[in-house]
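Structure first, commentary second.
Positions are given from 1, in the same order as the sequence printed here.
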Amino acid sequence: MAIPSCGSNPAGTTEPEATIDSEGRIYLLSGTVDQGSEQQTTLRQMVAEVLGVTLDDVKGCNADTSVCPFDSGPFSSRTVYATGIAATRAAQEARETLLEQASVFLGKAPGDLDMGKKFFWLRSDASKKVDLGRLASFAGGSIKGKGIHNAKDDRLFAYAFAAVFAEVEVDVETGEVNVLRLISSHDVGRAINPKLIDGQTHGGIAQGVGQAIYEACAYDTESGQMRAASFMDYAMPRADVLPSFTTEITETPSPTNRLGIQPG
């Protein structure tokens, strides 16, 4: 049976890495580019959650082919889903290696240890602890985890749903349409970064209103040349002409991954 891809490349692969160095610094290296919706922040949030640290603790680099591992690209809204799943796997692998090293260093079984705020400690005695940098040094200088998401071993996507409702005013004589109000609701699986989701939804609303109401590729009937050949002539909506709108986020965690994320 063919794997459904919904526009996603069935051969797509993503292979991010999570690294902890001897100074306790945490890095996420991802080959995917960021198109402006700041997916890298979301990916680092996922790594931070797995490692029990804050977002500020996770640095990194993306889309630098000299240091970053391979990624097929951010097409079909796959970054947070595919690269995110792989990034959590990379962080989980690094966490498991850290736990093994902490167990040896503290002389206790892994089940006797807790982790958080860049430390491992004994459950029975929190004063006996070791930080991530020391563990990385103990392991030889650094600890790395690699995560992979691909069509061969994983589901390519999870379905996401949205609904948009518009209140419009129509001049029945001229056909002019005026959008008075919009409500846009999206089921995102799990909202890793609600502010970024909201911002992306705002941009989608502006693009949708523009495409439906304002924008048009007009051509000269004699020469065949486009009359709206630049953004000086092509009517895109400005902030002052967009309707009032409300965005809502619904969360139905996806069963395909540990964080419950959907494409987006």
Can a salt bridge be assigned to the pair [X] and [Y] using a cut-off of 4.0 Å between side-chain N and carboxylate O?
{"X": "D154", "Y": "R89", "result": "yes"}
{"X": "K59", "Y": "D21", "result": "no"}
{"X": "K146", "Y": "E15", "result": "yes"}

Looking only at the side chains, is there a donor atom on one of [X] and [Y] sitting less than 3.5 Å from an acceptor on the other?
{"X": "T14", "Y": "T83", "answer": "yes"}
{"X": "D198", "Y": "T201", "answer": "no"}
{"X": "N257", "Y": "T88", "answer": "no"}

Exercise for the section: Could you give me the CA-CA distance, side-chain angles and deciding distance for S254 and T256, then say whether side chain to side chain donor-acceptor pair (under 3.5 Å) is met? Expected result: CA-CA 5 Å; S254 169; T256 64; 2.8 Å; yes
Problem - Heavy atoms from other residues, nucleotides or ligands near CZ of R123 exceed 12 (cutoff 6.0 Å) - result: yes
Exercise for the section: Taking atom CD of E215 as the centre, report whether more than 12 heavy atoms of other residues, nucleotides or ligands fall under 6.0 Å from it. Expected result: yes
Check whether any side-chain heavy atom of [X] sits under 4.5 Å from a side-chain heavy atom of [Y], and report yes or no.
{"X": "T247", "Y": "I205", "value": "yes"}
{"X": "E176", "Y": "N178", "value": "no"}
{"X": "Y27", "Y": "E17", "value": "no"}
{"X": "L122", "Y": "L113", "value": "yes"}

Problem - Qualifying residue, where the test is side chain to side chain contact (heavy atoms under 4.5 Å, CB included) with N193 and the options are L55, V80, T42 - result: T42
Handout entry: Partner set under salt bridge (charged side-chain N to carboxylate O under 4.0 Å, His left out) for D34, not counting sequence neighbours
Key = none
Exercise for the section: Name all residues meeting the side-chain contact (heavy atoms from CB on, under 4.5 Å) criterion together with A90; count only those two or more places apart in sequence or in a different chain, and write none if there are none. Expected result: A18
